[in-house]
Amino acid sequence: MEYAFRNIERKWQENWKASNAYKVSNESAKPKYYVLDMFPYPSGAGLHVGHPLGYIASDVFSRYKRLKGFNVLHPMGYDSFGLPAEQYAIEHGIPPAVSTDQNIATFRSQLDKIGFCYDWEREVRTSDQDYYKWTQWIFLQLFDSWMDRKLQKARRITELITSFELEGNASHPCPGEKNLSFTTAEWLAFSEKRKAEILMQYRLAFCGIGEVNWCEALGTVLANDEVINGVSERGGHPVVKKKLRQWYLRITEYAERLLAGLQTVDFSESMKDMQSNWIGKSFGAEIDFELELLDAPAEGKKLKVYTTRPDTIFGIDFMVIAPEHELVASITTAEQSTAVASYIDYVNSRSERERMAEKKITGVFSGTYCKHPFEDRSIPVWISEYVLAGYGTGAIMAVPCGDERDFKFANHFNIPITNIIGSFYDGTEANPTKEARLENSGFLNGLLMSEAIAVALDKLEGLGIGKRHTNYKMRDAAFSRQRYWGEPFPIVWKDEVAIPLSSAELPIVLPPMTDLRPGPDAQGPLANLPEWAAYEGGTREVNTMPGYAGSSWYFLRYMDPNNTEAFCSREASDYWGQVDLYIGGTEHAVGHLLYSRMWTKALFDLGYIGFDEPFKRLVNQGKIGGDSRLVYRIRGTKQFVSAGLKDQHETDELHVDVSMVDGLDLDMEAFRKWKPDFAEATFITEFGVYKCGSRLEKMSKRYFNVVNPDDIVERYGADTFRMYEMFLGPVEQDKPWDTKGIEGVHRFMKKLWRLFFDVEKGAVMTDATASDAAWKAFYKMLKKVEEDTARFSFNTAVSSFMIGVNDLTDLHCHSKDLLAKFLVVLAPYAPHIAEELWVVMGQAGSVLDASYPAVEEKYLVETSKEYPVAINGKTRTTLTLDVNASQADVEALVLVDPIVMKWLEGKPPKKIIYVKNKMINVVLG
RNA sequence: GCCUCGGUGGUGGAAUUGGUAGACACGCAGGACUUAAAAUCCUGUUCGCCGAAAAAGCGAGUGCGGGUUCGAUUCCCGCCCGAGGCACCA
C-alpha cells in the first residue's frame with residue numbers, strides 16, 4: 001500500500017471541515033492560548049511559497065498547544081481595504097469590492113490546501129460593514145478622548161470640559177497649540193466654534209492642517225515617493241506643497257508609554273530598537289534667547305531653541321531657525337529682506353525628496369542678532385533648511401566646535417568658530433565628545449562636559465531662561481487619505497466644526513462607486529457624490545481612513561467576531577487577553593505594531609479592555625527568496641549559450657520561468673513555446689544540456705521565480721510542504737527556496753509510511769510491544785521535538801523526526817503502542833498523515849485531540865557513556881566509562897590508554913580534566 | 001554616519017549553559033536490485049598531507065588579527081564583509 005497523500009489529504013480536509021474540528025469556544029475549562037498571524041492583504045498575485053512560512057510555524061505551534069491541553073485561538077482574516085485594489089479599479093474598471101472578493105477566494109483556496117487549523121467562523125475582513133462599523137466606533141472613542149499627561153491616561157472630552165470650566169486649561173496644557181492658555185472666565189466666554197477648535201487641539205483623533213504634495217494636473221494628492229524632483233512620477237507634472245485639512249492620531253501623546261511598554265513584551269532586540277528609534281526620545285533643554293529687535297513687543301523678543309547639550313552654551317557662534325519658523329518674517333531686517341525672500345522661494349521649490357537626496361549647505365542671514373545670556377556678545381540668527389520645523393522648537397543654537405552640521409555651516413559661510421574644548425578640537429572637524437573639560441565657558445570652566453550638562457541646566461532654570469525638556473522624533477500619524485477604498489469617517493462638518501455621528505448611526509457605509517476619480521479641491525472620490533455627502537445641513541467627511549485603521553484592532557475582533565453590540569465583549573477580551581504569540585514580518589515594525597499598540601492603550605484607558613499591550617510575544621519570520629534561472633542570448637541573435645560557455649560570447653541575460661528548469665537544466669522545448677520571441681531559439685549546449693545560470697533574489701513575478709504553494713502541494717502533498725518549509729532553516733532567518741531539497745522530506749514521509757505499511761505485504765503494524773531500544777529512540781526523539789517546538793526551533797525538530805524514523809526503521813519497530821504515540825507528536829507538523837494512520841491503526845477519536853505523550857525518563861537512563869578524550873584540547877580518542885566514574889577511575893583508565901600513552905611519551909601528564917557527562921582532557925607537561 | 005542582526009563543507013543548515021565542529025537533509029561519486037526506468041536500499045563525501053587502495057595517522061579548519069581558558073563556532077578587544085532599519089532629529 002502506497003502513501004497516497006493526495007487522497008489522504010483531501011479526505012481529511014473535508015472531514016475536519018464537516019466535523020468542525022477547528023471550532024474554538026470562548027468557554028473552556030482549559031487554559032487559553034492565543035496564536036495570531038499577521039493577516040494578509042489579499043493581493044491579486046496570490047500566495048507564493050514564502051507567505052505560508054509564518055502561517056505554518058504558527059499552525060504547528062497552535063496544534064502543539066492544543067495537544068498539550070490548551071484552548072487555542074488561532075484565527076485568520078484579511079486586511080482587505082487598501083490602495084492596490086483601488087488602483088486596479090481605476091485601471092481595469094473592476095470595483096474594489098469585486099476584485100477584493102475574488103482575491104480573497106484565491107487566498108482561501110490556497111490556504112485550505114495547506115491544512116491550517118484556523119477557525120474560519122471567526123474570519124474577519126476589514127472591508128466588511130460589520131467589521132468597519134467598529135473601526136468607525138473606535139475612531140469615535142479616540143475623537144472623544146484626550147490624554148491627561150499627569151495621569152498618563154486617556155480620558156473623556158467631557159471631563160476636559162469640566163476641568164476647563166473649573167480652572168481654565170492651567171492643569172492641562174494644550175498638546176496642539178503650545179502657547180494656548182485661558183482661564184475659566186475666558187473659556188466660558190468663548191464662542192461654541194472657538195470651544196470646538198480648542199477641544200480639537202486636545203482630541204486623540206483630531207483634524208488639523210497638514211502639508212501634502214498636491215498635483216494640480218492629476219488633481220490629486222501624491223505620497224512622497226510618488227514625487228520625483230518636484231514633479232509627479234506619472235506624467236511629470238509639477239507638484240506643489242499644499243496645506244490641507246487632514247485627520248491625525250495624536251500618537252505622540254503615547255510616546256512615553258509606547259517606549260516603556262517595550263520593556264514588558266517579548267520582541268526581538270532589533271524590533272524594539274526600531275520602535276524606540278522611531279519614537280526617538282531625547283533629553284535636553286529649551287532655552288530662551290533675547291532677540292535684539294528694536295521695535296518688537298516683549299513677547300516677540302524671545303527665540304526658543306531646543307538642545308541636548310546645554311553644556312556647550314558658551315560655544316554658540318550663531319543661531320539657526322527653520323525656513324518655516326514663525327519668526328522668519330519678524331526678524332528679517334530690511335537689508336536682508338530680498339536675500340531671505342529668495343532663499344524661502346528656493347526652499348519651497350525643493351521637494352522633500354530632493355532635500356533628502358542632496359544635502360547641500362544652504363542658508364541665509366536674517367539680519368538680526370540675539371544676546372548671549374552669560375556673555376556680552378551678539379549672536380547672528382540664520383535661516384537654514386537643515387533645521388527642521390517639526391522637531392524641537394524649529395530653532396537651534398549652533399556650536400560648530402562640537403557639532404558636525406554646525407561646523408560645516410560655519411565653514412561654508414565663514415562664521416568664526418569658538419573653541420570651548422581645547423585640544424579636543426583640532427580646527428578641521430567638529431568633536432561631539434562629552435569627555436572634554438570646558439574652556440572659555442564662564443561658570444562651566446574646568447568641568448567635564450558630561451557633568452556640566454546638569455550644572456548648566458540648573459543655572460538656566462534658576463534664571464528662568466531655560467527648562468529641562470524631553471523631545472520625541474515621532475510625529476502625530478496622518479489618518480486621512482483622499483481615497484475611496486477605506487473606512488468613511490463618522491464625521492459631519494457643519495460651519496467648519498466636526499460633529500461626530502452617534503454610534504447608533506454606524507456603520508457609515510461606503511457607497512458603491514465605479515468611477516474613482518479624485519474629487520475637487522484635493523478631496524477623495526467620495527466628494528463626487530454630493531447626494532451621499534449631504535447630511536442634515538452639513539457635509540460628511542469625504543476622506544477615508546488609511547489602511548492601518550482596520551488592522552490596528554483586528555486581533556480583538558477575532559475574540560468575539562459576531563458581536564453586534566460591541567467591538568468585542570469585555571468577557572471575551574478578559575478571557576483571551578493578550579495575544580500570546582504573534583507571528584509576522586518585520587515590515588510592520590514601526591507602522592502597524594505602533595498603531596495597534598496605541599489603540600490597545602487607548603481602549604485600555606477608556607476601560608474597554610483589561611490589558612494595554614496587545615502582543616506578549618512577537619516572532620518575525622524571515623523572507624523566502626527566489627532562486628532565479630537565467631539564460632544568455634548572444635547579442636543580436638536568437639541563439640542562446642549555456643552558462644558554462646557564455647564567457648566566449650557577448651550576451652544579454654534573461655530571466656526564465658523556474659518551472660521550465662530542472663535544477664539548472666533548461667527544458668529547451670518548453671522554452672521555445674514560452675514566448676513567441678523564443679520560438680526559433682537555438683542553443684549552444686554543454687554535451688546536449690543547456691545549463692542555466694542562477695541567482696538568489698526577491699520572489700517576484702518579474703523574475704519568473706515565483707513558486708506557487710499549490711503546485712508543491714499537488715506534487716508532494718501538504719504534509720511534505722509543511723515539514724519542508726519548517727526544515728529549511730530557522731523561522732526568523734531569510735533563506736532561499738530550493739524545490740529540489742523537498743525530495744528529502746518527501747522521502748522521509750514515505751519512510752515513515754513504511755513503518756505502518758509495506759508496498760507488497762500491506763499493513764506491518766503489530767500488537768507486540770516495542771523493544772526497549774525502540775522506546776529509547778522514540779523518547780529521545782520526543783524530548784528533542786518537544787523542546788525544539790517550544791522554542792520555535794522547528795527545523796531541528798524536523799531533523800529529530802528524521803532521526804527517529806531512521807532509528808525505528810533500523811530497529812524494525814512496527815509496534816502499535818509506540819507508533820500511536822509517535823503520531824501524536826507528529827500531528828502538529830504533518831496532521832493529515834498522522835490522522836490517517838491514527839484512524840487506520842484503530843485509535844479512538846481524532847489525533848487532533850489526543851494528549852501529548854510524556855517523556856519516560858527510565859528509557860533514557862544511560863549506564864555508560866562514550867567520552868571524547870582530548871590531548872591539550874584536541875580530541876584524539878574516545879573512552880567508554882561508567883556514568884558514575886570518579887576522577888580517580890578516569891585517571892587510571894586514561895593513563896593506560898594506548899593512544900594517550902603515545903602522546904605522553906612516558907612523561908606524566910600535567911593535569912587530567914574530567915567533566916562528568918562532557919569530556920576528558922589530558923594536559924601535557 | 002548611527003543602530004540591530006548575521007558570516008560554519010559544493011548547498012540549506014546543526015552544535016540550547018565554553019566541552020567530540022559539520023547533526024539532519026540536498027547535491028555529488030560509487031555500488032545493489034531491475035531488460036530498463038522509477039522507486040528503494042547500501043557505501044563514501046570539510047580541506048590538505050601520506051599512501052596503488054583500504055585502514056590508520058598527521059596537519060589545518062567555523063570571515064580576518066589578537067586575547068582569556070586545560071579547552072572557544074560560543075566569551076573579550078580590534079578589523080573586514082553582508083542583510084535590515086534609521087538618517088540634517090540639534
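In what follows, chains are A, B, ... by sequence order, proteins preceding strands, each numbered from 1.
Atom NZ of Lys473(A) is separated from atom P of rG85(B) by 16 Å (rounded to the nearest Å). Regarding Leu594(A), its CG atom lies at a distance of 12 Å from the P atom of rC86(B), rounded to whole Å. Computed from coordinates, the Glu269(A) CD to rC5(B) C1' distance equals 11 Å when rounded to whole Å. The CG atom of Leu303(A) sits 13 Å away from the C1' atom of rA90(B) (whole-angstrom rounding). Atom C1' of nucleotide rA90(B) and atom CD1 of Ile321(A) are separated by 15 Å, given to the nearest angstrom. Met474(A) has its CE atom 15 Å from the P atom of rC86(B), to the nearest Å. Per the geometry, CE belonging to Met749(A) stands 15 Å off P belonging to rC26(B), to the nearest Å. Remark: C1' of rA25(B) and OH of Tyr829(A) are 16 Å apart, rounded to the nearest angstrom.
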Validation: residues 867-882 of chain A side-chain donor-acceptor distances under 3.5 Å, sequence neighbours left out:
unit_1: Tyr867(A); atom_1: OH; unit_2: Asn917(A); atom_2: N; d: 2.9
unit_1: Asn872(A); atom_1: OD1; unit_2: Leu924(A); atom_2: N; d: 3.1
unit_1: Asp882(A); atom_1: OD1; unit_2: Asn884(A); atom_2: N; d: 2.8

Please output the side-chain donor-acceptor pairs of residues 392-401 of chain A that fall under 3.5 Å, not counting sequence neighbours, one pair per line with the distance.
unit_1: Thr393(A); atom_1: OG1; unit_2: Lys304(A); atom_2: O; d: 2.7
unit_1: Thr393(A); atom_1: OG1; unit_2: Tyr306(A); atom_2: N; d: 3.4
unit_1: Thr393(A); atom_1: OG1; unit_2: Ala395(A); atom_2: N; d: 3.4
unit_1: Thr393(A); atom_1: OG1; unit_2: Ala395(A); atom_2: O; d: 3.3

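For rG85(B), the base is anti relative to its sugar; the glycosidic angle deviates from 0 by more than 90°.
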Show your reasoning for whether salt bridge (Lys or Arg N to Asp or Glu O under 4.0 Å) applies to Arg468(A) and Glu286(A). CA-CA 6 Å; Arg468(A) 281 179 166 83; Glu286(A) 285 188 349; over 6 Å; no

Determine, step by step, whether His746(A) and Phe5(A) satisfy the ring-ring contact (aromatic ring centres under 6.0 Å, His included) criterion, reporting the C-alpha distance in whole Å, the side-chain angles of both residues, the deciding distance to 0.1 Å, and the verdict. CA-CA 10 Å; His746(A) 195 59; Phe5(A) 57 86; 5.3 Å; yes

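Each of Ser793(A) and Glu743(A) lies near RNA chain B, and the nucleotide nearest Ser793(A) is the one positioned closer to the 5' end.
Contact between the side-chain N/O atoms of Arg747(A) and the OP1/OP2 oxygens of rC26(B) is found at a separation under 4.0 Å. Phosphate proximity of rA90(B) to Tyr391(A): present, with a side-chain N or O under 4.0 Å from OP1 or OP2. OP1 or OP2 of rA90(B) lies within a sub-4.0 Å distance of a side-chain N or O belonging to Ser282(A). Between Lys304(A) and the phosphate of rA90(B), there is no side-chain N or O to OP1/OP2 separation shorter than 4.0 Å. The side chain of Thr875(A) contributes an N or O atom lying less than 4.0 Å from OP1 or OP2 of rA21(B).
The line from OH of Tyr716(A) to CD1 of Ile742(A) is 6.0 Å long, rounded to the nearest 0.5 Å. Residue Asp807(A) holds its CG atom at 10.5 Å from SG of Cys813(A), rounded to the nearest 0.5 Å. Interatomic distance, CE of Met781(A) versus CG of Leu826(A), reported as 7.5 Å (0.5 Å rounding).
Partners of Lys691(A) under the side-chain hydrogen bond (donor to acceptor under 3.5 Å, both in side chains) rule, at least two apart in sequence or in another chain, are Asp665(A).
Consecutive pairing runs in RNA chain B reach the stem threshold at B:1-7 with B:80-86, B:10-12 with B:24-26, B:27-32 with B:40-45, B:46-49 with B:57-60, B:63-67 with B:75-79, where a stem means at least three Watson-Crick or G-U wobble pairs with distances under 3.5 Å.
A distance of about 28 Å separates the P atoms of rA14(B) and rC3(B), rounded to the whole Å. Taking atom C1' in both rC86(B) and rU69(B), the straight-line distance is 40 Å, to the nearest Å. On the P atoms, rA90(B) is 28 Å away from rA83(B), given to the nearest whole Å. Rounded to a whole angstrom, the distance from the C1' atom of rC24(B) to that of rA37(B) is 29 Å. Separation of the C1' atoms belonging to rA72(B) and rC77(B) is 15 Å when rounded to the nearest angstrom.
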Taking only nitrogen or oxygen atoms into account, show me every contact under 3.5 Å that the protein makes with nucleotides 8-12 of chain B, one pair per line with its distance.
unit_1: rG12(B); atom_1: O2'; unit_2: Leu728(A); atom_2: O; d: 2.7

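Of the candidate nucleotides rU16(B), rA90(B), rG59(B), rA90(B) has the atom lying nearest to any side-chain atom of Val387(A). Counting only heavy atoms from C-beta on, Arg876(A) has its side chain closest to rC58(B) among rG27(B), rC86(B), rC58(B).
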Reading 5' to 3' through nucleotides 65-77 of chain B, protein heavy-atom contacts under 4.0 Å coded B for base, S for sugar-phosphate only, - for none: -----BS------

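Counting non-hydrogen atoms under 4.0 angstrom, Lys784(A) reaches a base of the nucleic acid.
With respect to the salt-bridge test (charged N to carboxylate O, under 4.0 angstrom), the residues Glu743(A) and Lys750(A) do not qualify.
Between Trp753(A) and Tyr3(A), the shortest heavy-atom distance links the atoms NE1-N, 3.4 Å.
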